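Working notes, beginning with the structure itself.
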Amino acid sequence: MRKIYRFITSRLFWNCLILLIELTLLFGLIYSFSNYNLMISTIFYVVFEILAIILMLYIVSTKGNVAYKLTWLFFIGVIPMLGVIAYLMFGNKKFTKRQQKKIKPIMEALQNASYDTKAIQYIDKISPDVARMAQYIFHASGTPLFGDTKTTYFPLGDNAWPVMLDKINSAKHYIFLEYFILAEGKMLDSIINLLIKKAKAGIDVRIMYDDFGSISTLPSNYPKYLERKGIKCVSYNRFKPFLDIKMNNRDHRKLLIIDGHTGFTGGINIADEYVNLKTRFGHWKDNAIMLQGEAVWGMTTMFLSMWDFCYNTVENFNDFHYIKYASELGFVPRSNGFVQPYTDYPFDYEAVSETIYIHILMRAKKYVYITTPYLILSPELENAIKTSAKQGINVIILTPGIPDKKTVFSVTRSYYKNLLEAGVKIYEYTPGFVHSKMFICDDNTGTVGTANLDYRSLFLHLECGVFLYNDQSILQMKKDFESSIKQSKQWTLNDFKHTNIFKRMWWALLRIFAPLM
């Protein structure tokens, strides 16, 4: 009863209820007009057909993933009225003119941030293909390749959490947090209590979280609560119960930055299940990576660009430069490898995360190991995975054994057959849910980040990650992956053949709408 009461009094419930009422009224109005008399209904039908044709022509002319566009074209073509309304609400991700004007000075501040591109020039002599990839990321994401960065890989959120607390406690100048989900509980409480203490000491503390991602886990007045405690806080893309909402473009990034010299990213959000204090879907298998050194500057500018956009400010990014506080690290970070933080915006139609994933698959000579909670592949990514396997590369994918979303899990399994036939090995993590997003290749290349292998992450959400080459953490990531495989069940073509025919038909039906999930 308590859970039911909390749900019906929550902001999510009332916003969805208002939205449902608006939709009911809208369709009721449309139905009334379309059935008023033959002439009116004919005009109404023709108007919607014209609108559908115009919208379909617009979709064809825009940039973006072909499969995503084809799904919308099919939806609008089959059900024009519903398709037009749905696309205007959920499908269009282009910045409005007001947003473009707002972000222009912020992008200029990002471009004016002090960067050193010597690492890209140096790596060109060692590995030209990696240098080209690094140059692409710099062009598309705005952050260059860095050396002199120590990395520490955490195979579980449980391992990362105490280190995050320790680094927050050591902060002297600023602490930046950006997460998709903040959820009330022990993990959030431990971090917030420290941040309040630091804010009282005069440290610049900022928190940014996705409004829809946290709509059911935080009170609606949470930003004001934190502001009263001296912490600057903003929620990204606040969810409002109006028919012009753009819910699809969520901030799915995870960043914790301390004084510009220490930064965290990976799969974990700030919620108890991510550190196994709360059991929802068995054992929660996640990961994180800590950077210390030059590369954190890339994370810092990534955070500041979105902060200024949401907080309506324009700052000089160089005021937060790594060099100003580098000596406070207590050691000089040295590494034979290279690190490149990257971000992925949906508004520029540049699929940075997908391009990195495909690059890793195409440069592999021995193996590619992949972990992902969701496997809803674009044709380009699916083809890259299958091509690598057909070339004799040992491609292994690890997915959850216990899903968090059963429908999405059904779509994930619908991809197994084609992948298995190409020689890809697929394992499901028996103890529980895999939430880490990781690629590892040939002991020398990898990435850890926030982007799932689905359309939402690759084309609709704000994402981030770290591209690694010859870095010490890659072998730790490999060890973690191989340990997880030992606890997992391997899927075979025989398993697929023995799956209930009606279940396989359901999977096939869901595949039609996969790009919209």
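If you're wondering where the values come from, they're calculated on a predicted model, not measured in any experiment.
Taking the centre of each ring, Tyr274 and His435 come in below the 6.0 Å mark. Aromatic ring centres of Tyr469 and Phe467 lie farther apart than the 6.0 Å criterion allows. Ring to ring, Tyr209 and Tyr179 are not that close: their centroids are 6.0 angstrom or more apart.
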query: How far apart are the C-alpha atoms of Lys366 and Asp443, what are their side-chain angles, what is the distance that settles it, and do they pass the salt bridge (Lys or Arg N to Asp or Glu O under 4.0 Å) test?
result: CA-CA 9 Å; Lys366 297 178 181 178; Asp443 293 357; over 6 Å; no

field: Derivation and outcome, side-chain contact (heavy atoms from CB on, under 4.5 Å), residues Thr301 and Thr143
entry: CA-CA 8 Å; Thr301 57; Thr143 52; 4.1 Å; yes

- request: Run the numbers on Tyr345 and Glu463 for side-chain contact (heavy atoms from CB on, under 4.5 Å), then give the verdict.
  value: CA-CA 7 Å; Tyr345 301 105; Glu463 303 285 356; over 6 Å; no

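Ring geometry for Phe180 against His252 counts as perpendicular: the plane angle is over 60°, on a 0 to 90° scale with 30° as the lower cut. Between Phe433 and Tyr374, the ring planes lie tilted relative to each other; the angle falls in the 30° to 60° range. Below 30°, between 30° and 60°, or above 60°: for His283 and Tyr429 the angle between ring planes is between 30° and 60°, a tilted geometry. The aromatic rings of Trp307 and Phe303 sit parallel to each other, their planes meeting at less than 30°, with 60° as the upper class boundary. Between Phe338 and Tyr122, the ring planes lie tilted relative to each other; the angle falls in the 30° to 60° range.
Under 3.5 Å, the side chains of Ser436 and Thr371 contain a donor-acceptor pair of N or O atoms. For the residue pair Asp211 / Tyr236, no side-chain donor-acceptor distance below 3.5 Å is found, with atom types taken as modelled. Inspection of the Asn470 and Asn444 side chains reveals no N or O donor paired with an N or O acceptor under 3.5 Å. Remark: the Tyr136 side chain and the Glu350 side chain contain an N/O donor-acceptor pair separated by less than 3.5 Å. Residues Ser190 and Trp161 bring a donor and an acceptor atom of their side chains to less than 3.5 Å of each other.
The main-chain N or O of Val466 is found under 3.5 Å from a side-chain atom of Thr447 such that the two form a donor-acceptor pair. Distance alone, capped at 3.5 Å, places no donor-acceptor pair between the Asp272 side chain and the Gly185 backbone. Although no hydrogens or angles enter the test, the distance criterion places no donor-acceptor pair under 3.5 Å between the side chain of Thr387 and the main chain of Ala384.
A heavy-atom distance below 4.5 Å is found between the side chains of Met477 and Met438. Asp344 has its side chain within reach of Ser353: a pair of non-hydrogen atoms, C-beta onward, lies under 4.5 Å apart. Pro400 has its side chain out of reach of Glu428: every pair of non-hydrogen atoms, C-beta onward, lies at least 4.5 Å apart. Looking at heavy atoms from C-beta onward, Leu156 lies out of side-chain contact with Asp286 at the 4.5 angstrom threshold.
For the salt bridge (Lys or Arg N to Asp or Glu O under 4.0 Å) condition, the pairs that include at least one residue of residues 384-408, sequence neighbours left out, are Glu382-Lys386.
Looking at Asp210 and Arg253, no side-chain N of the basic residue comes within less than 4.0 Å of a carboxylate O on the acidic one, giving no salt bridge. Ion pairing between a basic and an acidic side chain is recognised when a charged N comes within 4.0 Å of a carboxylate O; Asp480 and Lys285 show such pairing. Checked for salt-bridge contact, Arg363 and Asp129 meet the test: a charged N lies under 4.0 Å from a carboxylate O. We find that Lys417 and Glu421 are joined by a salt bridge, their nearest charged nitrogen and carboxylate oxygen being less than 4.0 Å apart.
Closest approach of Phe439 and Val368 over heavy atoms only: CD2-CG1, 4.1 Å. Thr450 approaches Lys437 most closely through the heavy-atom pair O-CE, 3.3 Å. Nearest heavy-atom pair across Ile360 and Cys441 is CG2-CB, 3.5 Å. Shown here for Asn394 and Lys425, the closest heavy-atom pair between the two residues is OD1-NZ, 2.8 Å. Listed here is the closest heavy atom pair of Tyr415 and Ile376: CE1-CA, 3.7 Å. Across every non-hydrogen atom of Ala183 and Leu188, the tightest pair is O-CB, 3.2 Å.
No more than 12 heavy atoms of other residues, nucleotides or ligands shown are found within 6.0 angstrom of NZ on Lys479.
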